[in-house]
Amino acid sequence: MPSSHSGLTASPEWQALLAHRDSLQNRPMKALFADDPERANRYFINGAGLSLDFSRNRLTDEVLTALMDLARSRKLEDRRAALLRGDKVNITEGRPALHTALRNPGTDTLVVDGQNVTAEVSATLASMEAFVEDVLSQSRTGFTGKAFSDVVSIGIGGSFLGPKLVTEALHPYRESGLRCHYVANIDGTEISETLAKIDPETTLFLVQSKSFSTRETLENSKVARKWFIEHGGNDQAVASHFMAVTANKAAAQKFGIDPSNVFPMWDWVGGRYSLWSAIGLPVALTIGMDNFRRLLAGAHAMDTHFCDAPLEKNLPVVMAMLGIWYSNFWGAETHAILPYDHYLRNLPDHLQQLDMESSGKRVDQQGKPLTYHSGPVIWGGVGANGQHAYHQLIHQGTRLVPADFIIPLQTHNPVATHHADLFANCLGQSRAMMIGKTLEEAKAELASSGMTDADINRLAPHKVIPGNQPSNTLMMRKVTPEAVGALIALYEHRTYVQGVIWDLDSFDQWGVELGKKLGENILPRLLKPKDSGETSDSATDNLIALFRSANGL
Ligand code: F6P
C-alpha cells in the first residue's frame, strides 16, 4: 500500500480506525458473538424493503462510531445533498449525476442549468409508456403487419448490463410474450447467433447508446440493419423496426433512425446509471410499464432511505463504510457479490461495471495521486454454484475476502425443499467463513473416525479453516420489481459514498479511452491487404503478424 501523507490518512478519524484495527487483530468475530448475545439484533438494519445483517463483520460499536466519524469528517451528508440536488458532482466533465431524478415520481420540480429535469423525465416516461402500449397491444406492428415477437437490444456497458440484469431478474413479471435478446460484444458470434434465432418481420431493434459513437454498438447495428434489408426489409421498413435511445439524436438520425423513433438520454445520466432511463426500454417491453414503474418506485424508496436515514442505520452508508474498513484498514483487495437466487445471477456483472468504472481511480478530485487504495476488484457469482468453485479460496486461501450474500426469503418457484436448501447453504457458508475450524477441532474430528495419531497429525493442518472472513447478509422478501430497484440503487449509493471518502470523481471513466483508441489504430493494420510496415511494440507487432497469417493476409 502506498505510504500515507494526505489529509485523509493523517486525519484523526483515520488514525483512530488504525488503532481500532490493531485492537481487533486478536479478537475474532466468533469471540465478539460469544461476548454479546444481542450482536445479531444490534447489527441489523432495514430500508426500502431490504434488510441487512452486518453482524458478521470485524466490528464493534467503537469501530462503527469511528467509521461514521470518518464519513462525517468527509462531509458525507453535504455531499449526499449535492448529489441529490443536481450539483456538478462529475467534476471532470462538469455534469451532475441525476439518476435519482429518473425514479422520482414526485412533483417537485428540479431545474438544472435551466433544464427542467422533472419535466423531461416525465415526458420520456410517457413516451415510453405509449410505445410499450402500442407494441404490446399490437397497434404497432412490423412492416408486414405482423405483431412483434422479439426485441434485440444492441448496446454495451451501461447500455447493456443493467437492462440485462433486470430483464432476467424480473422474468416472473413478464407481461408480454416478447423474447428479449441482448447483443453487446463486437464478436461476430454474438450477433450471428442472435440473428439466426429471429424473424425480420417480427423483430424490433433497439440501438442503445448514450453517445451513439461506441464502435461495438454501431458495428453490430450496421450488421443488424444490413441483415434486415437482405431479409425482406427496406429503408422504409427500417423506420418501423429500428429505435434508438441516445443523447446524440443527430448521430442516430444520420445512422438512419427516424427521429420519431429516438428516445432521449441526457448528459446528466451516467451510462452505468442509465437503466432507469429509456435505456430500460427492453425491460419495460418485457415486464410492462406498470412493473417498470414499480422498479423505479423501489429505487426511489432506497433514494429516500439514503437521504433520510441516520448514517448508522443507512444501508448504503453502512455497507460503504464496511467496504472502506476492509479495503483501507485490513488490506482486502476484492469484494465478492454472492447472490443466492437464479434471477439475480447477473448482479455481479452489473456491479462490476458500476463499482469498478466509478471507483477504479488513482487521483483525487484535485488531480493529486491517491496515497491510499481506492476501489477493490468486484467479482462474484450465483450461490450455491460458487461453493463448488471459488469458495474454497475464501475458506482456506491466504487472502481476506469480504462478501455480500444476497438472498430472498421467499422464492417464486417453490420446488420440493429447494429454497430451504438454498437458504441453508447461504447461511452455512457465511457461518463457516466466520467460525472456521481450529486445529484442535480438526484433530478431534479425525480422531473420531478412528485414525492413527500419525495420520491425524499429517492431515489435520490441511483441514484447518482460519475463519474470521467478514460478510453481510442482504435480504428481501421476494425478488419483486421494488426489491430489485432498491437493491441496485443501494449499490449505486454505496459506490457514491465510497467515492466521497476517497475523494474521487465517481462519474467519469477516462481509463477506458486509451485501450479504445489503440484498438482503433490497430484495426487497419489487421485489415489492410498489405502489411503497412507500421510498428508498435514487438509483442503487438508479432500478434498482428500472427492474425494476418492465420487469416490469409
Ligand atoms: O466503457 C465505457 C463506456 O463509456 C461506459 O461507461 C458506457 O456505459 C459504455 O461505454 C457504453 O457507452 P454508450 O452508451 O455511449 O454506447
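In each ligand, atom 1 is the first atom listed, and ligand 1 is the first ligand listed.
Side chain of Arg80 to backbone of Phe306: a donor-acceptor contact under 3.5 angstrom is found. In this structure, the side chain of Arg272 does not engage the main chain of Leu161 through any donor-acceptor pair within 3.5 Å. Asp364 places no side-chain N or O within donor-acceptor distance of the main-chain N or O of Asp503, the cut-off being under 3.5 Å.
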(message) Run the salt bridge (Lys or Arg N to Asp or Glu O under 4.0 Å) test on Glu333 and Arg399 for me, step by step, so that the C-alpha distance in whole Å, both residues' side-chain angles and the decisive distance to 0.1 Å come before the verdict.
(response) CA-CA 8 Å; Glu333 288 166 341; Arg399 295 170 194 277; 2.9 Å; yes
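Closer than 4.0 angstrom to ligand 1 sit non-hydrogen atoms from Ile156, Gly157, Gly158, Ser159, Ser209, Lys210, Ser211, Thr214, Gly271, Gln353, Glu357, Gln509, Val512.
Contacts of Ser277 classified as side chain to side chain donor-acceptor pair (under 3.5 Å), with partners at least two apart in sequence or in another chain: none.
The aromatic rings of Phe228 and Phe242 stand perpendicular to each other, their planes meeting at an angle above 60°, with 30° marking the opposite boundary.
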